[in-house]
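Here is how names work: the chains are called A, B, and so on, in the same order as the sequence lines, proteins then strands, and each is numbered from 1. Just so you know, these numbers use all the heavy atoms, side chains as well, and skip hydrogens, waters and symmetry mates.
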Amino acid sequence: MPPKIQPRLPKGMRDFLPQQMIRREYVFGIVREVFHLYGFEPIQTPVLELRETLMGKYGEDAEKLIFNAQHPGGKEELSLRYDLTVPLARFVAQYPNDITFPFRRYQLSPVWRAERPQRGRYREFYQCDADIVGVQSMSADAEIVSLIVTVMRRLGFPQFSVKINSRKLLTAIGLYAGVQGSALAELYRSIDKFDKIGTDGVREELVRRGLPADVVTRVMELITVQLPGAEKLDFLEDVMGNSTEAAEGLNELRELIEHLRLADVPPQFYEFDFTMVRGLSYYTGPIFETIITEPNLGSVNGGGRYDELVGLFRGESLPTTGMSFGIERIIDLMDILNLYPAEIGGTVVQTLVTVFSPETAAESEKLAAELRRAGIRTELYMLDRQIGKQFGYADKKGIPVVAMLGPDEIAAGQVKLKRLKDGQEISVGRGEAAAAVERLLGA
RNA sequence: GUGGGUAUAGCUCAGUUGGUCAGAGCGUCUGAUUGUGGAUCAGAAGGUCGAGGGUUCAAGUCCCUUUACCCACCCCA
């Protein structure tokens, strides 16, 4: 034997065991179902994109985290996709004759970021994006928010909040504070820390960044305003109404909540939060972020309007809005909050067909085939071990029903079925075996 | 990228001021129980104590280097 190779994974990458995959696929299934319900259709793009497709879209910091993927002698500069949004923009610009607008699509795929891994943070993780391309009206943004709320509720999250802000309002606030250019990005970054370091922390940091104390006070008043719903918008209008940027942002948000009202989205699931900033630089209008406060695993969803991104590939801008679920954090939270339905077990197998002895193995094989033909998810035990071990195997894997077929049963043309959770055991004719399994599973 | 912590059996960890310190529980396998699982009992397999170097009569135990992982920051899903 050559020396063994240490089995290990690249940093931030994970394997998934069957029990985990069953849960992941449950979550993926719900998300897909709701996307379909809202009329979004699937697309798929490649894992690798040309480097030029990705660069210059995310902002400088983010682009340091893009994985390159070369092979020896490769002529193309390739990178692993960093998100699903920029590939979508490329996709939309590439097939003008095949896409009918408005284009609503979703994509559920892994993306890669070379970050240092942490709790709830990996280098390979799945995103679930849904976007509407070609609609200027806030009705599209409202559908996105409604979609988010429906997915979260369908997954069973009792408490969550879609925070809504606007890039235009943030810009206006910056102008109002006398901050422009790159200093604006720093202002946003400080504001975004609100949840972490609180009012005083943000205030301190802004002062440290060189903003005059009175300006900081005015900015803080704006972003931390505590008023119900639309009254927050009125407050901002009173202060900044004469700014075009602010007026546009406010009008958009007003339209947005009107559409949310029409769509009957319960108001407890969304709120304006002017301290919420999205990092990616391509957003241009309303932005969203969904959070669950306990436990704090960060946000589970982000999105917004990015009207100029497609234009980078098309020459002409195309209004687009959308969102992205960070499905990994949702899966972590589902576990922590115990939101999986009871019937999601550790195995897909419904019945284990045991093998009494080598002489009876042929009958067991036939029985397995019969059960499968009837739609029962069946595993045939494949090692030559005593029956007790076979039960132990079923128990350990969480297989609910065990089928036994010894010489007595074979002679009588019967099958003995046992439900492990309560030990109930019945003998039925071979022809009724599948129906009997169904009954045992149902109760 | 910055700072801190950890590294002993497949997993979770104990190892006291360097001197029977190579251990426990869980898991795995075998048996008690050759037509019936979860419980109990008995037994077995499994580790060059992350790697490399140093101090010492003696090093999981101290020092240095290195790697990996974890936590926080940065940033983000």
- Message: Within the 4.0 Å heavy-atom criterion, would you say A/E115 contacts the bases, only the backbone, or no part of the nucleic acid?
- Response: base
- Query: Heavy atoms under 4.0 Å, any strand shown: does A/D408 hit a base, just sugar-phosphate, or nothing?
  - Reply: base
- Query: What is the base-pairing partner of B/G38, counting Watson-Crick and G-U wobble geometry with both distances under 3.5 Å?
  - Reply: none
- Item | Minimum-distance nucleotide (side-chain atoms of A/D395 versus B/G38, B/A77, B/C69) | B/G38
- Among B/G37, B/G27, B/C76, the one nearest any side-chain atom of A/K396 is B/G27
- Message: For the residue pair A/T45 / A/Q107, report whether a side-chain donor-acceptor contact shorter than 3.5 Å exists.
- Response: yes
- If every non-hydrogen atom of A/F40 is compared with every non-hydrogen atom of A/R105, which pair is closest and at what distance? CD2-O, 3.6 Å
- Message: Using a 4.0 Å heavy-atom cut-off, does A/R278 contact any base of the nucleic acid, only the sugar-phosphate backbone, or nothing at all?
- Response: sugar-phosphate
- Watson-Crick/G-U partner (both atom distances under 3.5 Å) of B/C57: B/G19
- Task: For B/A7, give its Watson-Crick or G-U wobble partner with both distances under 3.5 Å, or none.
- Result: B/U67
- Is the ring centre of A/F325 under 5.5 Å from the base ring centre of B/A77, and are the two planes under 30° apart, so that they stack? no
- Message: Counting the atoms with a prime plus P, OP1 and OP2 as sugar-phosphate, which does A/G388 contact under 4.0 Å by heavy atoms, base, sugar-phosphate, or nothing?
- Response: sugar-phosphate
- Please report, rounded to the nearest Å, how far the C1' atom of B/U36 is from the CG atom of A/L417. 13 Å
- Task: Decide if atom CD of A/Q19 counts as having more than 12 heavy atoms of other residues, nucleotides or ligands within a radius under 6.0 Å.
- Result: yes
- Message: Taking the nucleotide of RNA chain B with the nearest heavy atom to each, does A/Y82 or A/I387 sit closer to the 5' end?
- Response: A/I387
- Message: Whole angstroms only, please: what is the CZ-P distance between A/R385 and B/U34?
- Response: 15 Å
- Message: Side chain of A/L420 only, heavy atoms from C-beta on: which candidate in B/G37, B/A77, B/C29 is closest?
- Response: B/G37
- Query: How long is the line joining OH of A/Y283 and P of B/C76, in whole Å?
  - Reply: 11 Å
- Item | Paired nucleotide for B/G43 [Watson-Crick or G-U wobble; both distances under 3.5 Å] | B/C29
- Task: Look at all strands and tell whether A/Y126 reaches a base, only sugar-phosphate, or nothing, counting heavy atoms closer than 4.0 Å.
- Result: nothing
- Message: Rounding to an integer number of angstrom, what distance separates B/U48 and B/C21 when you compare their C1' atoms?
- Response: 16 Å
- Task: Return no unless some side-chain N or O of A/K193 is found under 4.0 Å from OP1 or OP2 of B/C74.
- Result: yes
- Query: Looking at B/U36, does its base get a donor-acceptor pair with the side chain of A/E425 below 3.5 Å?
  - Reply: yes
- Given the P atoms of B/U30 and B/U67, what is the spacing between them in whole Å? 43 Å
- Item | d(CZ, A/F288; P, B/A77) in whole Å | 14 Å
- Using the P atom in both, what is the distance from B/A44 to B/G23, to the nearest Å? 13 Å
- Note on the structure: To the nearest angstrom, the CD-C1' distance between A/E359 and B/U34 comes to 13 Å
- Message: Using whole Å, what does the distance between atom P of nucleotide B/G37 and atom CZ of A/F356 come to?
- Response: 14 Å
- Item | Complementary nucleotide of B/U2, counting Watson-Crick and G-U pairs under 3.5 Å | B/A72
- Among B/U30, B/A77, B/U36, which is the nearest nucleotide to the side chain of A/K389? B/U30
- Message: Taking B/G27 as the reference, what is the distance to B/G10 when you measure between their C1' atoms (whole Å, please)?
- Response: 7 Å
- Message: Heavy atoms from C-beta onward define the side chain here; which of B/G37, B/C74, B/G31 lies closest to that of A/Q118?
- Response: B/C74
- Message: Do A/V219 and A/L222 make a side-chain contact, defined as non-hydrogen atoms from C-beta onward lying under 4.5 Å apart?
- Response: no
- Would you kindly check whether a donor in the side chain of A/R116 faces an acceptor in the base of B/U2, or vice versa, at under 3.5 angstrom? yes
- Message: Parallel, tilted or perpendicular, judged at 30° and 60°: which one describes the rings of A/Y381 and A/Y393?
- Response: perpendicular
- Query: How about A/Q159 and A/I292: do any of their side-chain heavy atoms sit closer than 4.5 Å?
  - Reply: no
- Query: Could A/R90 and A/F313 be counted as a cation-pi pair, given that NZ or CZ must be under 6.0 Å from the ring centre and within 45° of the axis?
  - Reply: no
- A/G12 or A/R121: which one's nearest nucleotide on RNA chain B is closer to the 5' end? A/G12
- Item | Side chain of A/E409 (C-beta onward), nearest among B/U30, B/A77, B/G35 | B/G35
- Separation of B/G27 C1' from A/K397 NZ (nearest whole Å): 17 Å
- Query: B/C76 P sits how many Å from A/Y188 OH, rounded?
  - Reply: 14 Å
